[in-house]
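One structure is given here, and the rest of the page talks about it.
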Amino acid sequence: MQISTSKRAAALDGTYPRPQLRREAWADLTGEWEFAYDDDDRGRHEGWHLAGAAFDRTITVPFPPESPASGIGDTGFHPIVWYRRHVSTEDLGTAGAVDGTSRVLVHFGAVDFRSEVWADGRLLGVHEGGQTPFALEIPADLVATGFSLVVRAEDDHADVSQPRGKQDWLEEPHVIWYHRTTGIWQPVWLEAVPDDHLVRLGWAADLVRASVDLRVRLSRRPRRRLLLDVRIEHDGVELAAMRTPLREPEQAVTLHLPDQGNGQAYERLLWSPERPTLLDARLRIVDEDGTVVDEVLSYLGLRSVDVHGGRFLLNDRPYYVRSVLEQGYWPETHLAAPGADALRAEVELIRELGFNAVRLHEKAEDPRLLFWADRLGLLVWGEIGSAFEFSPRAIERTVTEWMEVVTRDASHPSIVTWVPINESWGVQHASHDPAQQAYIRALFHLTKALDPTRPVISNDGWEHAESDLLTIHDYATSGAELRRSYGDEASVDALVSGVGPAGRRLTLTSAARDGAPVMVTEFGGVSFAPSAPADAWGYSAASTAEDFERRLRDLVGALQASPVLAGFCYTQLTDTRQETNGLTDEHRRPKLPVETLRSIVLGETAR
């Protein structure tokens, strides 16, 4: 059975907020909402969640109130904010609600940091974690009439136990930190679902067995005889299908791909940046009479990732990683993307500049960017915004969010490694504190338990405990310095076993060094901004376009010449606030001709 063309086309336009579990009917709730600050925390006591409360402003969701695009543009300290929007019967109909009998969920892509949600004054639920999605059910009697949806978001700028990434705790951005992101900053949407419906699914390919493992989570334990019907196809041709009873709220199944007649024939189905082949999938829950209870569309990619002999492997072959660091920050919308088109354009820009990978830095990115990385072909380093302190509360919050991020994103073929910690943020004394070392190792092993199919970087930059890759941050200002450090195996071994470029030990245990590929995952950072603000900076500075090109060729070329390194990540893609060390300005305009930048990234000789 084939997936209908109309549904396939709708699934691939990049607008649906949860691209690998998509229902045909949904209602977008972004746009204008009522808004209010609650600096004195009196909103709950005064009943702002009830009808009649006065909200004195209007905000454009999902842009944070600190951003110009929100219509607010206030970057001061406002720890508590409120939102309100009327959800009409028309919205509910668009979401698929029928005659007031459907269950309706309201989804939030991300709300920073702690949120409470009400419908017509009734508390739907509470969620903590500013980078992860959640969904709440609307009371059945409100589905028929429409309702007022109210959100209270609390985000304490001074609480450094919150995973926050690049959000500054000072009022004005300084050094490498930027304006805060408070409240709703990813899409909000409605969808109607049956009582028995799919909540989550996860795909994992096994190239050796020529099979696909699928894990599904249901809304509840089945109370009647239900079957799961799965179809996978490519270019309209069915590759695998199965129908199996559903007995548990979470269940795993395996689908075997057909015999291709020649083992090499599987190559045409494998996903890579050079050939980003995706397979379409349709999942249905059906009852014993064959009636469809629930239906979702999805997709997957067949590929393997591993490390061996000091090399990074993609589909069992050595693969040299040409990556760029991406802050995911826009001048008008801050950490929120300006829209789905901007996310596609970001992936297209990275590829056009010659990179085959991106390191999403200190941010759990909007899944729609991962969709375009999957579809257009771009490797992704999966990361999370860090907390800044080491404490039981910070550990609990980070572990909770990290587990949700890994579970949410693990089915994207573009993600090829996980990075739970960056530069010892939140574990500043790891070199001599056994507790912090234990935490680094625990996150490494937790990640491997959640997803054994990908390499994990224990602490990107330095102070690795156990790690599948050894990654180094080195902001040497000349190619000569980089050649001395990475020009041969003896030099790299000496560096890895000693003190690194930032004055930090690169490894904390011998287990971190055993055959792991070595990559320089931050370097460069050359500032070039003729009209730069007074606080602009980079790790070094170019005076002219010619000087900028010379410096880039010198630094990138030095790492490309290393016979030891398995890849690199240049800092960074775009200028970001006061950081003027991008290859483009903050509006994504390249600072040199695209052809020139591409030739540098690809290691081509200057003409």
Side-chain angles (χ1 to χ4, degrees), residues 15 17 27-39 43 48 53-87 91 106-117 127 129-134 148-157 162 164-173 177-189 327-343 345-346 363-366 368-369 385 574-578 586-588:
T15 58
D28 186 356
L29 295 187
T30 59
E32 288 194 354
W33 290 51
E34 297 172 78
F35 181 80
Y37 287 122
D38 187 10
D39 294 348
W48 289 12
F55 285 42
D56 59 352
R57 300 174 185 238
T58 299
I59 189 170
T60 301
V61 168
F63 307 129
E66 292 87 354
S67 70
S70 70
I72 304 294
D74 186 340
T75 59
F77 293 144
H78 297 289
I80 300 171
V81 296
W82 289 74
Y83 300 80
R84 182 169 60 201
R85 185 196 196 279
H86 179 69
V87 177
D91 294 325
V106 56
H107 292 270
F108 294 87
V111 182
D112 202 354
F113 174 70
R114 184 181 187 275
S115 51
E116 299 165 75
V117 183
H127 180 265
Q131 304 172 82
T132 52
F134 62 99
S148 176
L149 184 66
V150 174
V151 178
R152 177 188 183 272
E154 184 172 352
D155 190 16
D156 182 356
H157 72 277
Q162 293 180 191
R164 61 196 293 147
K166 290 298 196 79
Q167 298 184 60
D168 210 323
W169 59 97
L170 302 180
E171 188 160 6
E172 290 300 320
W177 288 277
Y178 320 130
H179 284 305
R180 290 157 299 285
T181 291
T182 299
I184 300 171
W185 67 280
Q186 287 191 25
V188 184
W189 79 101
Q327 306 283 8
Y329 191 97
W330 284 264
E332 294 298 316
T333 59
H334 295 188
L335 285 183
D341 290 345
L343 294 170
E346 199 84 334
K363 179 186 181 185
E365 188 52 271
D366 189 319
R368 296 174 299 173
L369 183 137
T574 71
D575 287 352
T576 308
R577 288 287 308 171
Q578 67 276 13
E586 62 181 358
H587 300 291
R588 279 56 181 173

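Worth saying up front: this structure is predicted, and the values here are computed from it rather than measured.
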Would you find more than 12 non-hydrogen atoms of other residues, nucleotides or ligands less than 6.0 Å from D341 atom CG? no

In H78, Q162, R180, the residue satisfying side chain to side chain donor-acceptor pair (under 3.5 Å) with D155 is Q162

Gap between atom CD1 of I72 and atom OH of Y37 - 0.5 Å precision: 5.5 Å

Evaluate D91 against R85 for salt bridge (Lys or Arg N to Asp or Glu O under 4.0 Å), listing each step before the verdict. CA-CA 11 Å; D91 294 325; R85 185 196 196 279; 3.0 Å; yes

Taking all heavy atoms of P331 and all of P68, pick out the closest pair and write down the distance. O-CD, 3.7 Å

Under the criterion side chain to side chain donor-acceptor pair (under 3.5 Å), I'd like the reasoning laid out for T182 against E66: C-alpha separation, chi angles, the key distance, then a yes or no. CA-CA 7 Å; T182 299; E66 292 87 354; 2.6 Å; yes

How far apart are the closest heavy atoms of S115 and V111, and which atoms are they? CB-CG1, 3.8 Å

Evaluate whether atom CD of E32 has more than 12 neighbouring non-hydrogen atoms of other residues, nucleotides or ligands under 6.0 angstrom away. no

Locate the shortest heavy-atom distance separating A336 from W185; write the atom from each residue and the value. CB-O, 3.4 Å

Can you label the angle between the W177 ring and the W169 ring as parallel, tilted or perpendicular, going by 30° and 60°? perpendicular

Mind checking the CG-CG spacing from L29 to L149? Nearest 0.5 Å is all I need. 7.0 Å

Please check this pair: side chain of Q167 against backbone of T181, looking for a donor-acceptor N/O pair closer than 3.5 Å. yes

Criterion side-chain contact (heavy atoms from CB on, under 4.5 Å) on Y178 and L335, from CA distance to verdict: CA-CA 10 Å; Y178 320 130; L335 285 183; 5.7 Å; no

Looking only at heavy atoms, what is the nearest atom pair of E171 and G76, with distance? OE2-CA, 3.7 Å

Using 30° and 60° as the class boundaries, would you call the ring planes of F35 and Y83 parallel, tilted or perpendicular? perpendicular

Check G385 against Q131 and note the closest heavy-atom contact, atom names and distance. N-OE1, 2.8 Å

CZ (F108) and NE2 (H127) are apart, to the nearest 0.5 Å, by 11.0 Å

Quiz: residues 56-63 side-chain donor-acceptor pairs under 3.5 angstrom, not counting sequence neighbours:
none

R164 side chain to H157 main-chain N or O, any donor-acceptor pair under 3.5 Å? yes

Could you tell me whether the side chain of T333 reaches within less than 4.5 Å of the side chain of P338, counting heavy atoms only? yes

Check against side-chain contact (heavy atoms from CB on, under 4.5 Å), R84 and W48: CA-CA 10 Å; R84 182 169 60 201; W48 289 12; over 6 Å; no

Residue list, ring pair (Phe, Tyr, Trp, His ring centres under 6.0 Å) with W330, at least two apart or on another chain: none

As an exercise, state the distance from CZ of R368 to CG of L343, rounded to the nearest 0.5 Å. 5.5 Å

Between atom CZ of R577 and atom CG of D168, what is the distance when rounded to the nearest 0.5 Å? 10.0 Å

Could you pull out the closest heavy-atom pair between K363 and G328, with the gap in Å? NZ-O, 2.7 Å

Steps toward side-chain contact (heavy atoms from CB on, under 4.5 Å) verdict (V87, V106): CA-CA 10 Å; V87 177; V106 56; over 6 Å; no

Treating R588 as the side-chain partner and E586 as the backbone partner, does any N or O pair qualify as donor plus acceptor under 3.5 Å? yes

